[in-house]
Amino acid sequence: MNTARLTAREYAFFGLGLLFWAGFVILLGKDTSWDFRNYHWYAPYALLHGRMTIDVAVAHQASYYNPYLDVPFYWLAMHTRAWVALGALGAVQGANLIPLYLISRSALRVQASESDRKIMAAALSLLGMVGALTLTEFGTTYYDNVMSVLVLSGLAILVLNRDTLREGPLGKSAGLSAVAGLITGVAMGLKLPEMPFCVGFAGALLALGGSARHQVARLVAGGIAGLAGFLIIAGPWMLTIYHLTGNPLFPYFNEYWRSPLALPVSYRDLRFVPSHFWRTLFFPILFTLDWHVADDLGFQDIRVCVAYILVIAAALIWLFRRESRDALLDKRITGLLFAFSALAYFAWLRMFAIYRYIILFEMLAPILIIGAAGLFPLPRKSRYLILGGIAACCLLSARSDFLERAPVEDPYVDAALPPIPRPDHTIVLMTGDAPMGFIATTLPPQIPVLRIDGWMVQPRDGTQMTKDMMRRVKAHQAAGGDLYLIADAGDMNRAHDALADYHLAIRWPECQQFDTNLIGTYQWCPLSKKS
């Protein structure tokens, strides 16, 4: 194992890398993605301003997601300049470079000087950072490429300390496993779709080998620490949501928890999960040919598909003991990465099959490809030529569909709402599927916002949530309060129908159209009792 300490040049490489990605994100501009407008700005606002018992379903299902991950960026954007917040986000996302480099430097077994190996490791880490969807997500608050920093860091701990974990003192082996497990568990606590990587982490611990005592110690320590990391981060929020709704994962898996506030269904997005064997087997090929198969964000990149095919081929060669004796990566690291990736991929395929949740595989793909091709029983020069051709094809065929961005200006979020004459006696209703959570943050704080119609709630769904909102609206009317509608300007027919079920009518001549400093055009309409 390469145990050499980092040099000044390596630290400089990291520093310049973070500065580059920070500048790159600032140049891209503000995130205007659907998810940002829906809940990544609203969720931390709701948490910090105690809105959970005031507003209802403003961001659809996402109104009840764990908001802790969104708080740092929201706080920065509210208390500093927009470019500072964006630069910090870019630097954090660019930090994937560090564990990728450390894994590559430790794994490479090429016939070159130490200096050349470091240059190759740097090139590999940079290649991992320019995947199609990885580039698209820079500067966005999807946070898949923020959680990947944690998961890759946990993986790097296993790679860099593989000898100690396999054969060292039992206590030290367990301690290192616990640290790596804690980091990975924290990632899942912050974002539940990181769960597949916890499964992969367990596979990596097993793949390290060693005595039965070492394996048990690693698994127990890593598992307990991973669970602790998850509970420390997610536990308080899950308890809050349980007391509020009766379902700690509300509204998900409500067919089991049976919270009366929502329908007794799962609410999971299963659009992309393959339904039969052949589609499951060829899924990476399918989403490489057509991104619609696995995501709502456009991309074109062959690297994950190539890694999938080569890893399967290399695993079969390895199984039948036909692999090259002159591997390009350390074989134990190769086995660890294969086990991690295979188990994480399988868990992801069964639970989500949403491509952006495995953006980490775009970053790991170059290392996986080298590890797989390095096992092929071919001359070293032939393998280098194959890898060069693959790298060229990956770079030349990749296409990032960058999302629309807004100018970097302050305040970070603003809406040109009309004056509200009686904010202390006003309730705002939202209708439709459009993402409007960010608009709610620009209203006077004393105004409750109820989304009476959307993905999660509809006026005729019969849930307790809908009944409670109908009671609030009726009582507010009886007390002489004002009611207003916010809806997407192109979705007013749906608004009319939803309000009719609440016995409300839109006062059309008094509607006003307004814009925001992000994207979209919306309607602001006073409401009255339907005659």
Using every non-hydrogen atom in the two residues, find where A178 and A225 come nearest and quote the distance to one decimal.
O-CB, 3.1 Å

Assess whether side chain to side chain donor-acceptor pair (under 3.5 Å) is satisfied between D35 and S33, documenting all intermediate values.
CA-CA 5 Å; D35 279 12; S33 66; over 6 Å; no

Look up atom CG in L364 and atom CZ in R303, then write down how far apart they are to the nearest 0.5 Å.
11.0 Å

Indicate the atoms forming the closest heavy-atom contact of V71 with L47, along with that distance.
CG2-CD2, 3.8 Å

Would you indicate whether the side-chain heavy atoms of T7 and K118 approach each other to under 4.5 Å?
yes

Ring pair (Phe, Tyr, Trp, His ring centres under 6.0 Å) with Y355: which of F299, Y142, F272?
F299

Any K172 side-chain heavy atom under 4.5 Å of N161 side chain
no

Over 12 non-hydrogen atoms of neighbours within 6.0 angstrom of OH in Y242
no

Parallel under 30°, tilted from 30 to 60°, perpendicular over 60°: which one fits the rings of F197 and F340?
parallel

L336 CG to L329 CG distance, which is reported to the nearest 0.5 Å
11.5 Å

When you measure from the side chain of H60 to the backbone of Y39, do you find a donor-acceptor pair of N or O atoms at a distance under 3.5 Å?
no

Expected output: side-chain D301 to main-chain A132 donor-acceptor under 3.5 Å
yes

Distance-only, no hydrogens or angles: does the N145 side chain make a donor-acceptor pair with backbone N or O of I359 under 3.5 Å?
no

Identify the heavy atoms of F287 and A294 that sit nearest to each other, and give their distance.
CB-CB, 3.6 Å

How about R9: does its CZ atom have over 12 heavy atoms from other parts shown lying under 6.0 Å from it?
no

So, for G371 and F338, which heavy atoms are closest and what is the spacing to 0.1 Å?
C-CZ, 4.2 Å

Mark yes when over 12 heavy atoms from residues, nucleotides or ligands other than W83 sit less than 6.0 Å from its CH2; otherwise mark no.
no

Between G29 and R405, what is the shortest heavy-atom contact and its length?
O-NH1, 3.8 Å

Please evaluate residues D401 and L297 with respect to the criterion side chain to side chain contact (heavy atoms under 4.5 Å, CB included), reporting the C-alpha separation (whole Å), side-chain torsions for both, the decisive distance (0.1 Å), and the verdict.
CA-CA 8 Å; D401 291 349; L297 300 178; over 6 Å; no

Are F201 and L158 close enough that some pair of their side-chain heavy atoms sits under 4.5 Å apart?
yes

Begin with the C-alpha distance, continue with both residues' side-chain angles, and end with the deciding distance and a verdict on side chain to side chain donor-acceptor pair (under 3.5 Å) for Y252 and Y65.
CA-CA 10 Å; Y252 294 106; Y65 291 178; 2.5 Å; yes

Side-chain heavy atoms of F20 within contact of M129, under 4.5 Å:
no

For R380, look at atom CZ and say whether over 12 heavy atoms of other residues, nucleotides or ligands are found less than 6.0 Å away.
yes

W21/F138 aromatic ring centres below 6.0 Å:
yes

Can you measure from CG (L227) to CE (M188) and round to the nearest 0.5 angstrom?
9.0 Å

Below 4.5 Å, heavy atoms only, C-beta onward: do D326 and R383 meet side chain to side chain?
yes

I'd like to know if the side chain of S104 and the backbone of S125 have a donor-acceptor N/O pair within less than 3.5 Å.
no

Judged by atom type as modelled, is there a donor-acceptor pair below 3.5 Å linking the side chain of S324 to the main-chain atoms of P377?
no

Counting only heavy atoms not in W237 (residues, nucleotides, ligands), do more than 12 fall under 6.0 Å from its CH2?
yes

Fit a plane to each ring of F36 and W41, take the angle between them on a 0 to 90° scale, and name the class: parallel (under 30°), tilted (30 to 60°) or perpendicular (over 60°).
tilted

Chi angles and distances behind the salt bridge (charged side-chain N to carboxylate O under 4.0 Å, His left out) call for D144, K191
CA-CA 9 Å; D144 303 300; K191 185 169 177 141; 3.1 Å; yes

Are more than 12 heavy atoms, taken from residues, nucleotides or ligands other than Y384, located less than 6.0 Å from that residue's OH atom?
yes

Measuring only between side-chain heavy atoms, which start at C-beta, is L6 closer than 4.5 Å to L102?
yes

Using modelled atom types and a 3.5 Å cut-off, is there a donor and acceptor pairing between side-chain atoms of R37 and backbone atoms of T32?
yes

Please answer whether the main-chain N or O of V265 pairs with a side-chain N or O of N254 as donor and acceptor at a distance below 3.5 Å.
no

Answer yes or no: is there a donor N or O on one side and an acceptor on the other, between the side chain of R218 and the main chain of L205, under 3.5 Å?
yes

Ring centres under 6.0 Å, that's the criterion: do F283 and Y345 meet it?
no

Pairwise distance CD1(I519) to CG(D31) - rounded to 0.5 angstrom
10.5 Å

When every non-hydrogen atom of I354 is compared with those of W348, the smallest separation belongs to O-NE1, 2.8 Å

Does atom CD (E255) have a neighbourhood of more than 12 heavy atoms from anything else shown, all under 6.0 Å?
yes

Side chain of E362, backbone of G128: donor and acceptor closer than 3.5 Å?
no

Side chains of F230 and C198: does their closest heavy-atom pair fall under 4.5 Å?
no

Tell me, do Q93 and T134 make a side-chain contact under 4.5 Å, heavy atoms counted?
no

Taking the six-membered ring where the residue is Trp, are the ring centres of H40 and F73 under 6.0 Å apart?
no

So, does S173 use its side chain to make a donor-acceptor pair with the main chain of L170 at under 3.5 Å?
no

Please report the C-alpha distance between L403 and L28 in whole Å, then the side-chain angles of each, then the deciding distance to 0.1 Å, and finally whether the side chain to side chain contact (heavy atoms under 4.5 Å, CB included) criterion is met.
CA-CA 9 Å; L403 303 171; L28 285 177; over 6 Å; no

